[in-house]
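Keep in mind that this is a model prediction, so the values were computed, not measured. As the structure lists them, so they are numbered: ligands from 1, and atoms in each ligand from 1. Note that the numbering runs from 1 along the sequence shown for the chain.
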Amino acid sequence: MSLLSDARNIRSKDPAATSLAEVILLYPGFHALLFYRVSHWLYRHRRFFLARTVSQWGRGFTGIEIHPGATIGPGLFIDHGSGVVIGETAEIGRNCTIYHQVTLGGTGKDHGKRHPTLGDNVLVGAGAKVLGPVVIGSNTRIAAGSVVLQNLPCNCTAAGVPAAVVRLDGERIRPSDDLNQRDIPDVVHSHLEDLERRLRRLEHRE
Ligand SMILES: CC(C)(COP(=O)(O)OP(=O)(O)OC[C@H]1O[C@@H](n2cnc3c(N)ncnc32)[C@H](O)[C@@H]1OP(=O)(O)O)[C@@H](O)C(=O)NCCC(=O)NCCS
């Protein structure tokens, strides 16, 4: 995806953006993607030190820290941005939105893959922390200020510390509701369905 598409995407998603020039010249979320694309290219070509150097320049310039090893799909919108941290093994699907002060980080307990995986169209609200190699299903919203430590299914809203599912497929779920053990969302199944959908899309593209 070209830098121009990044800028157009941000312009279309932010009602406060009045022109493409404003996005290109003034939006830290756009600048962070620019630094990321260069540092990720260097990382993929095993120029690790240079990749980290560019990434740290990006952090200094934008306040957004994206490790060059992170995998980011097209259409990411980082709004405001300041304080965002995205770890080395984090994976972000298509068309996700991340607000300021969000961490996609590790718990310190895992090795290898230790950062979250977000599906497509995931929204992570301001200040939310998503920690560990958890999988967040597509179309899921993480409320501002939440701390997510477990997998979340597709099409849900999660809120709180630690985060719990408060809405699933548009239906409200209240903690006070009688817990129906049989119909608890099957996170693994939902993630497999999501992967299947993404695979079908890729096959279709070829
Ligand atoms: C979660 C969010 C995306 C709304 O998603 P939604 O699916 O429309 O969810 P609802 O608004 O119906 O809320 C569902 C429940 O979660 C609660 N909730 C919503 N946001 C919450 C939050 N940040 N923390 C705790 N609970 C929250 C609601 O009160 C509601 O509870 P109820 O069912 O007891 O009434 C939105 O509240 C949010 O946090 N957006 C982040 C936006 C942001 O960071 N903006 C910064 C701009 S500068």
Chemist: Between the candidates Arg141, Gln101, His100, His80, which shows the shortest non-hydrogen contact distance to atom 4 (C) of ligand 1?
Modeler: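 The nearest heavy atom belongs to Arg141.
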Chemist: Look up atom 21 (C) of ligand 1 and tell me if a protein heavy atom lies less than 4.0 Å from it?
Modeler: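 Under 4.0 Å from atom 21 (C) of ligand 1, at least one protein heavy atom found.
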Chemist: Quick check: does any side chain N or O of Thr157 sit under 3.5 Å from a backbone N or O of Arg141, one acting as donor and the other as acceptor?
Modeler: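 No, the answer is negative, given that no donor and acceptor are paired below the 3.5 Å cut-off.
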Chemist: Determine, using the 4.5 Å side-chain heavy-atom cutoff (strictly less than), whether Val85 and Ile98 are members of one ILVMFWY cluster.
Modeler: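 The answer is no; the residues belong to distinct hydrophobic clusters.
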Chemist: So, for atom 1 (C) of ligand 1, does the protein have a heavy atom nearer than 4.0 Å?
Modeler: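 When distances to the protein are checked, atom 1 (C) of ligand 1 has a heavy atom within 4.0 Å.
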Chemist: Return the closest protein heavy atom for atom 16 (O) of ligand 1 as residue, atom name and distance.
Modeler: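 For atom 16 (O) of ligand 1, the nearest protein heavy atom is Val166 CG2, 3.6 Å.
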Chemist: Nearest protein heavy-atom contact for atom 34 (O) of ligand 1: which residue, which atom, what distance?
Modeler: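 Nearest protein contact, heavy atoms only, for atom 34 (O) of ligand 1 is Arg174 NH1, 3.6 Å.
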Chemist: Taking the minimum heavy-atom distance to atom 38 (C) of ligand 1, which of Ala163, Gly160, Ala126, Ala144 ranks first?
Modeler: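 The nearest heavy atom belongs to Ala144.
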Chemist: Are any of the side-chain nitrogens in Glu171 or Arg167 under 4.0 Å away from the carboxylate oxygens of its partner?
Modeler: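 Here Glu171 does not pair with Arg167 in a salt bridge, since their nearest N and O are not under 4.0 Å apart.
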Chemist: I need the atoms of ligand 1 closer than 4.0 Å to a non-hydrogen atom of Gly125, numbered in the order shown.
Modeler: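 Answer, ordered by atom number: 41 (C), 44 (O).
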Chemist: Atom 33 (O) of ligand 1: which protein heavy atom is closest, and how many Å away?
Modeler: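 Going by distance alone, atom 33 (O) of ligand 1 is nearest to Arg172 NE, 3.4 Å.
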Chemist: Might you check, step by step, whether the distance between atom 41 (C) of ligand 1 and some protein heavy atom is under 4.0 Å?
Modeler: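 True for atom 41 (C) of ligand 1.
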Chemist: Measuring only between side-chain heavy atoms, which start at C-beta, is Tyr36 closer than 4.5 Å to Val38?
Modeler: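 Tyr36 vs Val38: side chains apart.
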Chemist: Short check: is a protein heavy atom less than 4.0 Å from atom 12 (O) of ligand 1?
Modeler: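 Looking at atom 12 (O) of ligand 1, one finds that a protein heavy atom does lie closer than 4.0 Å.
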Chemist: Are any side-chain N or O atoms of Ser55 and backbone N or O atoms of His67, one a donor and one an acceptor, separated by less than 3.5 Å?
Modeler: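 Not at all, since once roles are kept as given, no pair shorter than 3.5 Å links the two residues.
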Chemist: Taking only Lys NZ, Arg NE, NH1 and NH2, and the carboxylate oxygens of Asp or Glu, determine whether Glu91 and Lys113 approach each other closer than 4.0 Å.
Modeler: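 Yes, this pair counts.
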Chemist: Over all heavy atoms of both residues, which pair between Ala143 and Ser146 is shortest? Give the atoms and the distance, please.
Modeler: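 For Ala143 versus Ser146, the nearest heavy atoms are O-OG, 2.8 Å.
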Chemist: Just do the side chain to side chain donor-acceptor pair (under 3.5 Å) check on Asp14 and Tyr27 with the steps written out, would you?
Modeler: CA-CA 11 Å; Asp14 186 358; Tyr27 271 55; 2.8 Å; yes
Chemist: I need the nearest protein heavy-atom contact for atom 10 (P) of ligand 1: residue, atom name and distance, please.
Modeler: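 The protein heavy atom lying closest is Arg167 NE, 4.0 Å.
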Chemist: Taking only heavy atoms of Ala143 into account, list the atoms of ligand 1 that are under 4.0 Å away from them.
Modeler: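 Those atoms are 1 (C), 20 (N), 21 (C), 22 (C), 23 (N), 39 (O).
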Chemist: Please state which part of Ala159 comes within less than 4.0 Å of ligand 1, counting heavy atoms only: side chain, backbone, both or neither.
Modeler: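 Within the 4.0 Å criterion, Ala159 contacts ligand 1 through side-chain atoms alone.
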Chemist: Evaluate the 4.0 Å heavy atom contact test for atom 31 (O) of ligand 1: does a protein atom fall under the cut-off?
Modeler: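 Under 4.0 Å from atom 31 (O) of ligand 1, zero protein heavy atoms found.
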Chemist: Can you tell me if Ser138 uses its side chain to pair, donor with acceptor, with the backbone of Asp120 under 3.5 Å?
Modeler: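 Present.
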Chemist: For Gln101, does its backbone N or O pair with a side-chain atom of Lys129 as donor and acceptor, under 3.5 Å?
Modeler: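 It does hold such a pair.
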Chemist: May I ask you to check if ligand 1 and Tyr99 share an N or O to N or O distance below 3.5 Å?
Modeler: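 Not met; the criterion fails.
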Chemist: Would you verify that at least one protein heavy atom lies under 4.0 Å from atom 7 (O) of ligand 1, or report that none does?
Modeler: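 When distances to the protein are checked, atom 7 (O) of ligand 1 has a heavy atom within 4.0 Å.
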Chemist: So, do Ile64 and Ile78 sit near enough that their side-chain heavy atoms are less than 4.5 Å apart?
Modeler: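 Yes, at least one pair of side-chain atoms sits under 4.5 Å.
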Chemist: Just to confirm, does any protein heavy atom lie below 4.0 Å from atom 47 (C) of ligand 1?
Modeler: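 Under 4.0 Å from atom 47 (C) of ligand 1, at least one protein heavy atom found.
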